[in-house]
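Please read the structure below before turning to the comments.
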Amino acid sequence: MQAHRPDPHNESAITKLLVQLRGVNLFTNPLVVRGVRTRLRLQAALSAGLITVTIAGFLYTMAYISTVNNTTMPDNATAADQAQLVRLAAKTAMVPLIIMQGIILMVLGTGAAAGGIARERSDRLLDYHRVTPLPPHAKILGLLFGLPIREYFMFALTLPFVAYAAHKGGVPGTALLQFYIVFLTSVWLYHLTGMVSGMIVDRPWRAGFMVQGLVIGLYVFLPQLGAFGLTSFEFLTARPAFYGIVQEHLLTDMSEIGSFSEGWEQTQLRLASLRWQEVAFFNIKLDPLTFSLMVQGFVLTVLYTVIHRKWLGEARLPLSKPTGLVFFALLQVFALGSLLGLLRDTAAFADMVENQRNIANAVSRGERWVVWRFAFAALAVSGVAGTILLHLVTPTWHQQVSALRKSRQRGRPRLPLLADAASPCPVALGVVVMSAAAYLLLVQQIDQLDRLNRGPYWDAALGGAVFIALALSAVFFVREIVGAKPFIMVVFVAWVVPFLAFLIVFFGLKQEAMGVFIALPCPVSEVYLYTVLLVHDPATGVKEFVMMPEEVAPLAGAMSKLGTAGYLVALLGLGVLWGLRRRRLLRAVGSGPAVSAPIAAHPRSPRLQAAD
């Protein structure tokens, strides 16, 4: 009887599947095991554990005792009142414990991920990892959890304190579970950001310090974007999930008990006003858990894509051109969805208008001020994201020459349109079209929903769309002409220096009109002018032009047109230089042998060649 032999094709498929699944199990992932053996040795684990348990116990006990001792109970307090006080004290103790967990994983853990990957990169260990048989996703997961493994151990030691406080305070386990889902996705987002930073920055301490500052900045500055209607960006943190899921259960009605701590009550009321029970997104309402997972999942995908591409090859661009266009389109969807959701939600829009009226002490300012912020945010997101994307998908001179020579050797006269080494012209075109379309759609919705008594003014709207198209086109030309590092210097000289001069002249010398003229090369000034003109009511006169000084208001239209004309002239000159660069590129490719010859040097100075 002939023995059964497995089909080699089936065996190959099974083997490939096993290779892909290998390393997904974190308990057997070699990089996680290495992290445990290096960062969780007995002495290190005991030291970290003792410090963590001591601080967590102190925070819980201090918050609990302070709440009980600082609360004055009425003389006729019942046993139910005493039990309610115990629940209140336990709930109060949860807040510092959650803050401690955030510091451990989001600050310390992110620093460990960034510093660890930078250290392995500088020690050339990443090259060793690249040749190991594990698939790239298993290596990324191994480093994602292996580098900050000590911080995960410290975080685990704080969980019993939070669970005990939640049990004593009556906080439902489902609410706590939903919050920790968002909390952990936020942590992974920051850790992946740290890994991206570590792959760029060579020195470990610099990478860790930079990304820790970034995490702190996210929690300080991102909530401020909510005032501009960009609520999506705040969901990159765990704040909305905490206010929308957990904080509801931390609030307790104390009306039946005479005098609880007034400071505690005021704090809870302030936090209650920040809760996100529902998120307005286009025409739908989403709960904070779903929306947080949507936003964070999008950013996690972007960061993972960058790391995966860099893992496959150090010389690869961070993003491919099709992927970059898809990510930019999704970013526009999230930004536009948040802005239109607030515009269409009458109650939310009225609250924002009322807040502005209270701040400005002027009835005429509130409505126009909110709409201006939405328009300014739409153009700012397109400009910043488009500039970053074009910077990431533009190849160097040497990459283009090498790829063109290989393509011609294979009988193809030109590169595929969306190849990594091809010109980012299609990406620039897509970014320009999407940016202008998103802005005009927002203005059309402002007009349709009648969010302004007068306006919006479509001449200013079209001017803003034209300007953002010119500015992003200029970014494309400059980035491909000068290269990566010189591009940063050009941006500094052309944009930052005029803005700093504007601050000196405008605020220091009190020459307001001259200061704005000086700032015209900076895109921020042009965006500000066009968005103010979008909502400005000429019938109210200069004195009611509350968003601009009286000296500048009569000249705002002329200034905006002058700035746009300047960008148009600069764009024509940059187009000529870009065409000359393309001719030199094709001449360099066609003049030398196919592959064996060295790559032609860029026809610029040696310093700029090194910068590429």
Side-chain angles (χ1 to χ4, degrees), residues 49-107 154-184 186 219 223 234 237-278 287-289 292:
L50 179 61
I51 294 173
T52 303
V53 170
T54 302
I55 295 177
F58 167 78
L59 292 176
Y60 177 85
T61 306
M62 190 68 182
Y64 187 92
I65 293 177
S66 298
T67 304
V68 172
N69 291 340
N70 294 334
T71 302
T72 304
M73 295 292 293
D75 295 334
N76 58 350
T78 62
D81 295 336
Q82 295 288 347
Q84 193 172 10
L85 177 59
V86 170
R87 289 195 298 272
L88 171 62
K91 290 177 180 180
T92 306
M94 287 183 62
V95 177
L97 289 173
I98 291 176
I99 293 174
M100 178 184 176
Q101 291 177 335
I103 294 174
I104 290 174
L105 278 184
M106 295 181 182
V107 179
M154 297 166 64
F155 167 76
L157 294 178
T158 63
L159 289 176
F161 293 92
V162 176
Y164 180 76
H167 173 71
K168 294 281 288 185
V171 177
T174 54
L176 212 57
L177 177 63
Q178 292 178 12
F179 166 72
Y180 275 112
I181 290 174
V182 178
F183 180 86
L184 289 176
S186 302
Y219 275 84
E234 188 175 359
T237 69
R239 283 168 46 95
F242 176 78
Y243 294 137
I245 299 173
V246 177
Q247 184 67 21
E248 177 185 4
H249 303 285
L250 298 185
L251 293 171
T252 308
D253 184 11
M254 297 301 167
S255 59
E256 297 180 359
I257 301 179
S259 56
F260 271 80
S261 172
E262 293 182 0
W264 189 90
E265 288 182 358
Q266 292 174 0
T267 302
Q268 300 310 305
L269 291 175
R270 180 178 59 83
L271 293 176
S273 65
L274 298 173
R275 286 182 299 161
W276 296 82
Q277 295 298 329
E278 288 183 334
D287 63 274
L289 173 63
S292 295

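Closest approach of Ala63 to Ala93, counting heavy atoms only: CB-CA, 3.7 Å. Residues Phe179 and Ala241 share a closest heavy-atom pair of CD1-C, 4.1 Å. For the pair Pro288 and Pro240, the tightest heavy-atom approach, listed with the atom from each and the gap, is CB-O, 4.2 Å.
For Leu50, the side chain to side chain contact (heavy atoms under 4.5 Å, CB included) partners two or more places apart in sequence, or in a different chain, are Thr54. Partners of Leu157 according to the side chain to side chain contact (heavy atoms under 4.5 Å, CB included) rule, which considers only residues two or more places apart in sequence or in another chain, are Thr52, Val53, Phe153. Residues satisfying the side chain to side chain contact (heavy atoms under 4.5 Å, CB included) test with Thr61, not counting sequence neighbours, are Ile65. For Thr237, the side chain to side chain donor-acceptor pair (under 3.5 Å) test picks out no residue, with sequence neighbours left out. Every residue meeting the ring pair (Phe, Tyr, Trp, His ring centres under 6.0 Å) condition with Tyr180, not counting sequence neighbours, appears here in chain and number order: Phe183. When the side chain to side chain contact (heavy atoms under 4.5 Å, CB included) test is applied to Ala89, the partners found at least two apart in sequence or on another chain are Tyr64, Thr67, Val68.
Rounding to the nearest 0.5 angstrom, the gap separating the CD atom in Gln178 from the CZ atom in Phe242 is 14.5 Å. In this structure, Met100 CE and Leu59 CG are separated by 6.5 Å, a value rounded to the nearest 0.5 Å. Taken to the nearest 0.5 Å, the CG atom of Leu105 stands 5.5 Å off from the CZ atom of Phe155. Here the OG-CZ distance, from Ser292 to Arg239, works out to 12.0 Å after rounding to the nearest 0.5 Å.
Identified under the side-chain hydrogen bond (donor to acceptor under 3.5 Å, both in side chains) test for residues 156-176, with sequence neighbours left out: Gln101-Thr158.
The shortest side-chain heavy-atom distance between Ser186 and Val182 falls under the 4.5 Å cut-off. Here the side chains of Met94 and Leu176 are in contact, with some heavy-atom distance below 4.5 Å.
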